[in-house]
Enquirer: 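Let me give you the structure first, and then I'll get to my questions.
Numbers restart at 1 for each chain; the letters A, B, ... are given by sequence-line order, proteins then strands. The structure presented is a predicted model; accordingly, all values stated were derived computationally and were not measured.
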Amino acid sequence: MSVPTMNPAQMAAVQHLDSPCLVLAGAGSGKTRVITHKIARLLLPGDGADLAPSQIGAITFTNKAAAEMRDRVKALIGAKAASKLLVCTFHSLGVRLLREDGEALGLKPKFSILDSDDVTSILRDAGATTDAKLARSWQWQISLWKNMGLDSAAAISQAATDDEALTARIMKLYEERLLAYQAVDFDDLIGLPLRLLSEHPHVAQKWQRQLKHVLVDEYQDTNATQYELLKLLVGPQGIFTAVGDDDQSIYGWRGATLDNLKRLPQDYPNLKVIPLEQNYRSTSAILRAANNVIQLNPKLFPKTLWSDLGEGEPVKVAECDNEEHEAERAVGRLNAIHAGLVSSGQNADWHNFAILYRANHQARPFEQALRKANIPYKVSGGQSFFDRAEIKDLCAWLRLLLNNDDDPAFLRAVTTPKRGIGHQTLATLGEFAGKWKVSLFEALFAESLGSVLNQRALDGLHEFGRYINDFEYKARQTFGSEGAKEMLLAWLKDIGYEQHLHDNEENEKVAAARWSNVMDFIDWVAKRCGGDIDTDGGMTTETERRSVIEVAQTIALITSLAERDSDQNAVVLSTLHASKGLEWPHVVLAGVNEGVLPFSREEGEIPPGQIEEERRLMYVGITRARLSLSVSVLKRRKKGREYVQAVPSRFVAEMKLHEGAVREDPREKLRRLREEMAAKASARSALPDPTA
DNA sequence: AGCTTTCAACTTTTT
DNA sequence: GTTGAAAGCT
C-alpha cells in the first residue's frame, strides 16, 4: 500500500491529541499508518504531546500484530525510541501488570499461565468426566462468563438452566484449583488485572501516571472486561486512541461486543470520532460489492468506503457443480491469472493469491487440486507449533522451573519421559499433597511422605525433585544464547528425550520430525536469551542478555514461530476469520452458499444478529481483494455419498454486481491501458524510477 | 457384552 | 485429518 501523503482524515486522527479519539478505520484505509504516525506525533515536543516513548502504550490482539506494529514504528522513529514503547497484546499487558503488582491480589509473581489444553484437563478432573467434549463445553461457557466479568459466585446465582448451574459449580472448583496451582488462564490475564486496578487505586494510579496515551488496535474485537480494563488504565482524564471498524467485528462468538463502540461516546463525551473512508487497497468494483453488502446491516456510525484506484475488473461469480469442481475452477483461475491471461498486474508470484473460506474443512479439495497442479500453498491456522505434544512436554518442564506449585506441569514433566513413576505413586502423592494443602512438588520433600510410599517410589520422586532444583539453578545462572543452547541440550540428554520420542512413535520419520521441532524450539529459546550481535540498519547492537528462566516466563503467550522463508511464495488457504487484516491482489471466496456463509446448523431462519455477523464476515472476505475477486458458489453439495441441492448465499445477490457498474469511457480505457503499458515498460527497463 | 471397523461429518480461534 | 457414532464381529 502506498500513501503518498496523509489524507485529511488520517491527518486529523494523528493531530488530535487533547481528548479521547475513536478512529473508524474502514478496510484498507491505512489504520496502521495512522497509529504509527500518531505515536511519532506524540513524541514531538510542544502542544500537548512531548511524551517519552515509555509513556505510550499500543495494544493489539495478537503477537503478530504487535510485532508488525513495532516494526512499522521502528522505521519511523528509530530502534532506540521504539524499544522503549509499550507495544503488546492485551494479554501480555495483563501479565506485566500481574507480575509487577499481582501480589496485591495474593498472586505470586511467578504464577503459571495455563493454555487451553491444561484447562480442559483440569475441568475434566474437576467435573469427574473423561469426556473431553463435555469438558470443552464447560470451558467454553466459563470463558464466556469470565469475558463478561462474572466469577463463579455470580455465575451460580444467575444460572438459568440445570446445565448452566452444573457448569457454574464446576467453575467454582476450577477457580479453587487455579488458586492452589498459582496459575491463571488466558481470561484471567484480563480479568485479574481489572480486579487489581479497581480494588487497588494506588496501583491504578501508578499505571495511569506511567501511560499518558494508550492506542488500541482492532477496537471492535474488545470484550466487556477489556473495555473496563482500558477504562481503568487510562483513568478519569485518560486520553486514548481507539482504532477499529464496526463492520469488521467478527468475533462476537468469543465475547467481543459492539457495545464497546456504542458506549464510547457516552462514557467519554469529549470523544472525537474520525472516520477513515478512503480505501487504498481495492478497486471500485470490489469496494462497491463490499459496500452493497454491508449497507444492509444497521449502522453504528455512517461510513462509505471509496477508492481512486479505478473501476478494475468486475467481481466474478463462479457456479460450480460440487466441491471438487470448485477447487478445479479456482486452480484454473489462479493459473490463468498467474500466466497473465486474465488480470493485469501482480500475478507473477503465488503469494499474490488467496483462497478464503468459512470453515477449515473446506480447505481439503483445494489442497488436493493445488497439489495436483504443482502450485505451492500454505494453509494458515491449523495446529500451531506450541500445540505440538513434544513442545508442550518441554514447556511443562520449564513451567515447573518457574513455579514449583504448578501441579499440571509437575504431572506432565514427572511422567514425560517415563521414569518409573506411575499412576499409583502419583495418586498417593496427590492425596498426601491434598491432605496437607501443599503442591505436589512441595509434598515430594516432606518427611512423612515415606510413611505412605514405598522406598523405590520415594527415591524416584526425590531424584526428580533434585533434578528440577538443580535445573532451576542452572536456568537462573545461564545467560546468552550460546550458554543457553548448551544447557538445554544437556537437559534433553539427561532426560533422554530423543529416545523417548523414538520409543513412543512407530514411524521413524515422524519421530525424527518431532525431534527436529524440538531442535527448532531449543534454538528459538536460546536466541531469545540474547547476547547476540544484531545488525539493524547499519547499527550494530548487542541484544539484551536474559536468563533461560526469564525467557521461559514469556513462552506461554507465544503461539507461533516466525514463518520459514521457504513457505513464503505460496498461495494462501485461509479461513475468513484468519484473513482479517491481510490483503492479496487476487482472492477467491469459496463456498458462498446458504448454510456455509451464512453458517447455520439446521435449516430455517437464522436470527438477525447472527446474520449480521456473517454479513460482516462476507464483507471482510470481499475487502481482502485488491485487484480481482471471484466468488464461487456450489450448485450441489456433498452430503454423505449423495449430492444435495445447494442454495447460493443471499450475500451473492446482496453484492448487486449488475447494478451501478460505471462503464468506463472508451477513451479513458485506452488512456489507462497505455499508462499500464508504459508502467510495465519502465519497470522492465532497469532504470531506477525517480518517483520510487 | 465388549471390541473393532467403517463411515460420515466437520464453525469461526487468539491469548 | 480427526473424531464420534453406529454397525458388525467374536
Side-chain angles (χ1 to χ4, degrees), chain A residues 59-67 88-96 98 112-120 130-134 136-137 139-140 143-144 146-147 183-193 217-218 221-223 225-226 229 248-256 323 356-368 379-387 395 510 554-560 573-581 590-591 593-602 606 610 613-618 620-621 637-644:
Chain A
I59 307 178
T60 62
F61 273 85
T62 65
N63 289 307
K64 196 174 152 221
C88 64
T89 63
F90 264 106
H91 292 83
S92 44
L93 176 70
V95 172
R96 201 165 156 161
L98 292 179
S112 303
I113 300 164
L114 300 178
D115 70 26
S116 140
D117 281 358
D118 298 323
V119 173
T120 313
T130 51
D131 185 348
K133 217 172 185 180
L134 180 63
R136 247 171 284 150
S137 76
Q139 184 173 357
W140 177 256
S143 175
L144 280 179
K146 284 187 161 196
N147 286 164
V184 303
D185 64 22
F186 287 131
D187 303 318
D188 289 333
L189 292 178
I190 312 299
L192 291 177
D217 192 20
E218 305 283 12
D221 292 340
T222 53
N223 62 36
T225 49
Q226 283 159 339
L229 180 61
Q248 292 184 69
S249 161
I250 54 175
Y251 285 107
W253 50 275
R254 61 180 200 213
E323 286 88 344
L356 308 178
Y357 37 79
R358 175 64 227 258
N360 279 313
H361 68 263
Q362 293 174 265
R364 264 250 261 173
F366 291 102
E367 286 187 67
Q368 280 164 1
V379 185
S380 93
Q383 200 192 26
S384 108
F385 184 78
F386 285 86
D387 287 339
C395 285
V510 175
T554 64
I555 291 178
L557 289 177
I558 298 185
T559 49
S560 61
L573 299 184
S574 168
T575 62
L576 288 164
H577 282 92
S579 76
K580 186 156 71 98
N593 286 85
E594 284 294 308
V596 180
L597 178 67
F599 177 81
S600 67
R601 192 161 282 244
E602 296 106 25
I606 308 170
Q610 246 172 65
E613 183 147 322
E614 297 288 318
R615 187 175 280 124
R616 292 193 289 264
L617 210 43
M618 178 75 183
V620 166
R637 212 145 41 106
K638 239 192 208 140
K639 188 146 195 188
R641 213 172 282 133
E642 282 115 72
Y643 287 104
V644 297

Enquirer: Measure CD/A:Glu323 against P/B:dC10 and give the value in whole Å, please.
Expert: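 So the CD-P distance, A:Glu323 to B:dC10, works out to 12 Å.
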Enquirer: Return the stems involving DNA chain B, sorted by first number, where pairs are Watson-Crick (N1-N3 with N6-O4 or O6-N4) or G-U wobble (N1-O2 and O6-N3), both under 3.5 Å, and runs are 3 or more long.
Expert: B:1-10 with C:1-10
Enquirer: Can you see if the side chain of A:Asn360 gets near the phosphate of B:dT12 - specifically, an N or O under 4.0 Å from OP1 or OP2?
Expert: yes
Enquirer: Check whether any side-chain heavy atom of A:Phe186 lies under 4.5 Å from a side-chain heavy atom of A:Phe90, and answer yes or no.
Expert: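 SC-SC contact between A:Phe186 and A:Phe90 ruled out.
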Enquirer: Look at the side chain of A:His361 and decide which nucleotide, out of B:dC10, B:dT14, B:dT13, has an atom nearest to it.
Expert: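 In terms of side-chain proximity for A:His361, the closest of B:dC10, B:dT14, B:dT13 is B:dC10.
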Enquirer: Find the distance A:Gln226:CD to B:dT14:C1' and express it as a whole number of Å.
Expert: 10 Å
Enquirer: Specify the glycosidic conformation (syn or anti) of B:dT6, with syn defined as within 90° of 0.
Expert: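 Judged by the O4'-C1' to base torsion, B:dT6 sits in anti, the angle falling more than 90° away from 0.
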Enquirer: Give a yes/no verdict on base stacking between B:dT12 and A:Trp253: centres under 5.5 Å, planes within less than 30° of parallel.
Expert: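 Given the distance and angle limits, yes, they stack.
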Enquirer: Could you list the residues that satisfy salt bridge (charged side-chain N to carboxylate O under 4.0 Å, His left out) with A:Arg364, not counting sequence neighbours?
Expert: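 In terms of salt bridge (charged side-chain N to carboxylate O under 4.0 Å, His left out), with neighbours along the sequence ignored, A:Arg364 is linked to no residue.
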Enquirer: Grab the two heavy atoms, one from A:Phe61 and one from A:Glu218, that are nearest each other, plus how far apart they are.
Expert: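 Looking at all heavy atoms of both residues, the closest pair is CE1-O, 3.3 Å.
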Enquirer: Does A:Asp188 use its side chain to pair, donor to acceptor, with the backbone of A:Gly191 at less than 3.5 Å?
Expert: no
Enquirer: What is the 5' to 3' range of DNA chain C, first to last nucleotide, that sits under 4.0 Å from any heavy atom of chain A?
Expert: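 Both ends considered, the range comes out as C:dG1 to C:dG4.
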Enquirer: Rounded to the Å, how far apart are A:Asp217 CG and B:dT15 P?
Expert: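 The distance from CG of A:Asp217 to P of B:dT15 comes to 13 Å, rounded to the nearest Å.
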Enquirer: I want to check one thing: is the phosphate of B:dT15, taken as OP1 and OP2, less than 4.0 Å away from some side-chain N or O of A:Asn63?
Expert: yes
Enquirer: Can you list everything that forms a side chain to side chain contact (heavy atoms under 4.5 Å, CB included) with A:Ala67? Sequence neighbours excluded, please.
Expert: none
Enquirer: Which listed nucleotide (B:dT11, B:dT13, B:dT15) is nearest to the side chain of A:Ala359?
Expert: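 Nucleotide nearest to A:Ala359's side chain: B:dT11.
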Enquirer: For A:Glu594, check side chain to side chain donor-acceptor pair (under 3.5 Å) against everything at least two apart and list the hits.
Expert: A:Arg650
Enquirer: Tell me the interatomic distance from A:Gln139, atom CD, to B:dT14, atom C1', rounded to whole angstroms.
Expert: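 In whole Å, B:dT14 C1' lies 13 Å from A:Gln139 CD.
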Enquirer: NA contact type, A:Glu218, heavy-atom cut-off 4.0 Å: base, sugar-phosphate, or nothing?
Expert: nothing
Enquirer: Between A:Tyr251 (OH) and B:dT15 (C1'), how many Å, whole number?
Expert: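 Value for this atom pair: 12 Å.
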Enquirer: Find the distance A:His577:NE2 to B:dT13:C1' and express it as a whole number of Å.
Expert: 8 Å
Enquirer: Specify the closest pair of heavy atoms between A:Ala363 and A:Leu573, including all atoms of both residues, with the distance to one decimal.
Expert: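 Nearest pair, atom of A:Ala363 first, then A:Leu573: O-CD1, 4.2 Å.
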Enquirer: Could you tell me which residues satisfy side chain to side chain contact (heavy atoms under 4.5 Å, CB included) with A:Gln139, sequence neighbours excluded, listed by chain and number?
Expert: A:Ser116, A:Val119, A:Thr120, A:Leu123, A:Arg136
Enquirer: Side-chain N or O of A:Thr575 less than 4.0 angstrom from OP1 or OP2 on B:dT13?
Expert: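 Yes, A:Thr575 has a side-chain N/O under 4.0 Å of OP1/OP2 on B:dT13.
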Enquirer: To the nearest angstrom, how far is A:Arg364 atom CZ from B:dA9 atom P?
Expert: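 In whole Å, B:dA9 P and A:Arg364 CZ are 14 Å from each other.
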Enquirer: Could you check whether any side-chain heavy atom of A:Lys146 comes within less than 4.5 Å of a side-chain heavy atom of A:Thr225, counting everything from C-beta outward?
Expert: no
Enquirer: Would you kindly give the CG-to-P distance between A:Asp221 and B:dT15, to the nearest whole Å?
Expert: 12 Å
Enquirer: Is A:His91 stacked against the base of B:dT15, taking the criterion as centroid distance under 5.5 angstrom and interplanar angle under 30°?
Expert: no
Enquirer: Do A:Ile59 and A:Leu93 come close enough that some side-chain heavy atom pair is under 4.5 Å?
Expert: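 Yes, at least one pair of side-chain atoms sits under 4.5 Å.
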